[in-house]
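As structure tokens, the structure follows; a few thoughts come after it.
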Amino acid sequence: MVAITLPDGSIRQFDGAVTGAGIAESISKSLAKKALAVKVDGDVRDLFGEIDQDASVEIITRDHEDALDLIRHDTAHLMAQAVQELFPGTQVTIGPNIEDGFFYDFARDEPFSTDDLAAIEKRMAEIVDQDRPTRMEIWARQDAITHFNALGETYKAEIIADLPSDEDVKIYFHGDWHDLCRGPHLPSTKHIGKAFKLMKVAGAYWRGDHRNAMLHRIYGTAWRTDKELKAYLQRLEEAEKRDHRRLGREMDLFHMQSEAQGSVFWHPKGYILWRELEAYMRRRLDDDGYVEVKTPQLLDSKFWEKSGHWGKFRENMFVVPDEIPSTDDEGPVLTGEGNLLALKPMNCPAHIQVFNQGIKSYRDLPVRIAEFGCVHRNEAHGALHGLLRVRQMTQDDGHIFCREDQVVDETRRFLALFSRVYSDMGMTEIAYKLATRPDMRAGDDAVWDRAEKALADALTSSGLEFDIAEGEGAFYGPKLEFHLTDAIGRTWQAGTFQLDYVMPERLDASYVDEAGAKQRPVMLHRAVLGTFERFTGLLIEHYAGRLPLWLAPVQVVVATITSEADAYAEETVAAMRAAGLRAELDIRNEKINYKVREHSHAKVPVIAVVGAREAEEQKVSLRRLGQKEQNVVLRDQAIDALAEEALAPDLRPQG
RNA sequence: GCCGCAGUAGCUCAGUGGUAGAGCGCACCCUUGGUAAGGGUGAGGCCGAGAGUUCAAUUCUCUCCUGCGGCACCA
């Protein structure tokens with residue numbers, strides 16, 4: 001006897017082993033028709049799999065929360081079938097689900113074209129109509145390897161050979177087409193539905209290793225219903241409008257051009273945003289016990305040899321000859337006989353030089369050194385991406401030199417600063433990651449144990465949830481990474497916090513302890529925003545350009561209805577500026593509709609409309625970005641209120 | 001760096017083997033109007049760069065550059 005407990009608590013008895021399909025059938029015919037899979041004690045399984053002991057069971061239908069993953073994975077198989085039928089000789093490799101869809105990597109000499117995608121979609125729909133049934137067989141490992149090798153599916157054979165030895169080799173069939181897969185799958189292709197779309201083709205390395213062959217990846221999306229699919233496509237379109245590169249142009253914040261690849265030309269409005277952020281960060285750092293420094297841009301290559309960067313990161317550094325000027329018959333020339341200099345790719349070695357001046361006592365620690373440090377890194381060209389991945393960037397960098405027993409406190413202190421700043425920015429969706437020891441590392445395991453524990457403890461005691469990024473720490477120590485998400489869901493590291501036991505050693509940083517003995521300080525590398533470039537890009541996307549008043553480059557536009565109000569408008573702008581507001585005047589001979597539209601597009605948070613009436617009554621008609629309502633208030637009151645609202649969060653009266 | 005796609009006016013894009021077009025924006029004129037496009041006129045282009053094929057290339061081919069989407073990378 002097998003007792004099956006259903007979600008409503010009822011129990012059904014079966015004489016022996018029963019399948020999910022059988023259970024659904026026993027409940028109702030219509031449920032049996034709709035059933036996609038079955039959840040047995042929390043495990044999603046095939047409908048045709050046998051359940052031979054007591055269990056709680058849930059029948060998964062299309063509207064179940066687990067259905068979407070099943071549909072997407074089946075759609076990936078469906079696509080692979082279509083591809084192999086249309087393009088014989090194409091090998092399948094792997095095809096997992098991802099956020100909002102799936103992909104499948106194919107090995108083939110020719111790439112797929114956009115036309116190919118349309119053809120594949122068409123064939124996929126045909127296969128759905130054919131309603132090919134699903135079944136699963138468990139094969140002997142060697143048989144499976146031989147079978148797939150015989151078919152020319154060498155990648156598949158390789159995957160099977162690498163399966164853990166205790167794992168069954170499951171082969172799923174959809175009609176005759178079959179693939180190695182863990183499952184589970186829908187009962188037949190009909191159940192997949194047609195709410196799918198193939199999105200794009202891309203290259204991807206086999207097993208994610210750039211030394212391997214490049215495969216052709218097709219990305220697709222799949223949903224329960226056409227309505228969901230449509231909503232998703234619309235969401236993508238909306239996301240495109242939030243793209244910081246587009247908004248940067250529309251709002252006249254910055255531009256980039258090929259002569260300065262990966263570097264930013266900040267326009268006046270964009271630089272106001274930068275300056276506001278910088279001034280804010282500077283106040284926060286001053287309050288938190290940092291001292292600010294400015295260190296050289298160019299340092300001798302020998303310095304980088306000592307710091308270890310020359311050996312490890314030479315490829316990413318911009319190197320310039322320290323040429324010696326001289327004169328020959330032709331006039332002044334430069335010779336390359338001087339030393340090599342490199343633009344700093346990081347500020348840390350320079351900060352150690354500042355720390356190293358004079359002799360530090362244990363009483364001096366912790367020393368917190370901050371710098372809005374401009375660094376250059378020669379990134380792979382394919383990696384560059386608007387403001388989010390650049391070659392010249394300014395970090396809100398800082399290095400804390402402390403004793404080992406101060407590490408936990410300093411970490412907590414940093415987390416408090418970090419949370420304060422991000423909540424001030426209105427950026428609350430942050431993914432915390434603890435990156436642990438990599439294979440290649442310096443220092444012994446006892447030190448790593450302590451360091452990782454210190455970071456984990458600080459996170460936990462600050463009440464933060466975090467993921468562990470196994471093996472992704474720096475070679476000199478573990479790190480905390482703070483990730484933000486862009487408009488289309490890609491995540492980017494913004495802030496960082498790293499423990500370093502190595503660089504103080506290499507560059508001989510020391511302090512004198514109570515006993516008068518020389519000790520190594522621990523070095524903490526930390527950035528809150530990360531870089532101004534990336535943070536600004538993410539900020540723009542987060543707000544879709546509608547920045548909070550204190551960050552908006554233009555806070556108010558005073559726009560006239562007729563020229564009768566020109567003088568009053570000028571006076572109003574002057575008063576606003578005197579109150580510290582970034583106000584602009586618009587007395588152009590244009591209709592008010594036109595002005596409102598234009599300044600709304602430019603994402604100006606407040607438009608103050610003035611006509612004869614307002615001038616007469618000493619009022620302004622305020623209109624907030626994105627709202628239709630107008631608020632006619634006394635001018636002086638409006639200015640006071642706006643001026644207070646425009647204060648940076650740390651400058652607002654507490655209460 | 002790798003795979004694919006793209007590059008035409010400031011922006012968004014159309015187009016053609018015989019050296020180019022629209023809308024928006026911009027300039028000027030008319031219009032002084034109550035909260036997301038008033039009307040007219042006009043100026044803007046070495047059709048990404050180089051080479052090749054051709055009587056003729058913005059158009060076809062190749063190389064390069066840059067951008068975009070992924071992949072890899074991200075101290």
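Here the structure is a predicted model, which means the values were calculated and not measured. Below, chains carry the letters A, B, ... as their sequence lines are ordered, and counting in each starts from 1.
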Open item on the list: So for A:Arg217 and B:C71, does any side-chain atom that can act as donor or acceptor lie under 3.5 Å from a complementary atom in the base?
Closed with: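 For A:Arg217, whose side chain was compared with the base of B:C71, there is no donor-acceptor pair (under 3.5 Å).
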Open item on the list: I'd like to know if A:Arg623 reaches the base of B:A36 with its side chain such that a donor and an acceptor end up less than 3.5 angstrom apart.
Closed with: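 Check passes, donor-acceptor contact within cut-off.
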TODO: Indicate whether the side chain of A:Gln257 and that of A:His255 have a donor and an acceptor atom separated by less than 3.5 Å.
DONE: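 Yes, A:His255 and A:Gln257 have a side-chain donor paired with an acceptor closer than 3.5 Å.
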Open item on the list: Would you say A:Lys344 and A:Thr295 are linked by a side-chain donor-acceptor pair, where the criterion is simply a distance under 3.5 Å?
Closed with: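 Yes, because at least one side-chain N or O of A:Thr295 sits under 3.5 Å from a partner of the opposite role on A:Lys344.
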- [ ] Considering only atom C1', compute the distance from B:U54 to B:U58 and round it to an integer number of Å.
- [x]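 Rounded to whole Å, the distance is 15 Å.
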- [ ] Could you work out the separation of B:C13 and B:G17 based on their C1' atoms and round it to a whole Å?
- [x]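 To the nearest whole Å, 23 Å.
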Report which part of the nucleic acid [X] touches: base, sugar-phosphate, or nothing (heavy-atom distance under 4.0 Å, all strands).
X	result
A:Ile587	nothing
A:Gly208	sugar-phosphate
A:Lys312	nothing
A:Tyr219	sugar-phosphate
A:Asp209	nothing
A:Tyr476	sugar-phosphate
A:His599	nothing
A:Ala559	nothing
A:Ala202	base
A:Gln395	nothing
A:Pro345	base

[X] side chain: which of [options] is closest?
X	options	value
A:Ile561	B:A72, B:G70, B:G34	B:G34
A:Thr562	B:U32, B:G34, B:U66	B:U32
A:Asn593	B:C3, B:U35, B:A75	B:U35
A:Val609	B:G34, B:G4, B:C73	B:G34
A:His210	B:A72, B:G70, B:G67	B:A72

Task: Conformer about C1'-N of B:G44 - syn within 90° of 0, anti elsewhere - done: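 Syn for B:G44; the angle stays within 90° of 0.
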Rounding to an integer number of Å, can you tell me how far [X] [atom1] sits from [N] [atom2]?
X	N	atom1	atom2	value
A:Asp586	B:U35	CG	C1'	13 Å
A:His216	B:C5	NE2	C1'	14 Å
A:Glu472	B:A72	CD	C1'	14 Å
A:Arg389	B:G70	CZ	P	14 Å

Please work out which of the three classes, parallel, tilted or perpendicular, describes the rings of [Y] and [X], given edges at 30° and 60°.
X	Y	answer
A:Phe112	A:Phe87	perpendicular
A:Phe482	A:Phe414	tilted
A:His309	A:Phe313	tilted

Open item on the list: Please give me every residue in residues 242-260 of chain A whose heavy atoms get under 4.0 Å of an atom in RNA chain B, ordered by residue number.
Closed with: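 Per residue number, the list reads A:Arg245, A:Arg249, A:Ser258.
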Open item on the list: So if I take residues 614-621 of chain A and measure heavy-atom distances to RNA chain B, which residues fall below 4.0 Å?
Closed with: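 Correct list: A:Glu614, A:Ser621.
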Task: Nearest-nucleotide 5' precedence on RNA chain B, A:His385 against A:Arg597 - done: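 Its nearest nucleotide being more 5', the pick is A:Arg597.
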Does [N] have its OP1 or OP2 closer than 4.0 Å to a side-chain nitrogen or oxygen of [X]?
X	N	answer
A:Lys628	B:A36	yes
A:His601	B:G25	no
A:Tyr205	B:C73	no
A:Tyr594	B:G25	yes
A:Lys479	B:A75	yes
A:Arg490	B:G70	yes

TODO: Compute the centroid of each ring, for A:Tyr232 and then for A:Trp223, and state whether the two points are separated by less than 6.0 Å.
DONE: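 Under 6.0 Å, so yes.
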- [ ] State yes or no: are the ring centers of A:Tyr476 and A:His525 separated by less than 6.0 Å?
- [x]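 They qualify: ring centres under 6.0 Å apart.
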TODO: Could you check which nucleotide pairs with B:C26 in any of the strands shown, counting Watson-Crick or G-U wobble with both distances under 3.5 Å?
DONE: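 WC or wobble partner is B:G42.
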TODO: Looking only at non-hydrogen atoms, find the nearest pair between A:Thr93 and A:Phe106 and report the distance.
DONE: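 Here A:Thr93 and A:Phe106 meet closest at OG1-N, 4.4 Å.
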Open item on the list: Does A:Arg526 qualify as a cation-pi partner of A:Phe497, given the criterion of NZ or CZ under 6.0 Å from the six-membered ring centre and within 45 degrees of its axis?
Closed with: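 No, cation not above the ring by the 6.0 Å, 45° rule.
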Open item on the list: Can you see whether A:Tyr205 has A:Arg207 sitting over its ring - NZ or CZ less than 6.0 Å from the centre and within 45° of the normal?
Closed with: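 Cation-pi check for A:Arg207 and A:Tyr205: fails.
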Open item on the list: Tell me whether A:His376 contacts the main-chain N or O of A:Arg391 through its side chain, where contact means a donor paired with an acceptor under 3.5 Å.
Closed with: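 No, A:His376 side chain to A:Arg391 backbone: no donor-acceptor pair under 3.5 Å.
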Task: A:Glu470/A:Arg437 under salt bridge (charged side-chain N to carboxylate O under 4.0 Å, His left out): CA gap, chis, key distance, verdict - done: CA-CA 7 Å; A:Glu470 204 76 54; A:Arg437 66 195 79 185; over 6 Å; no
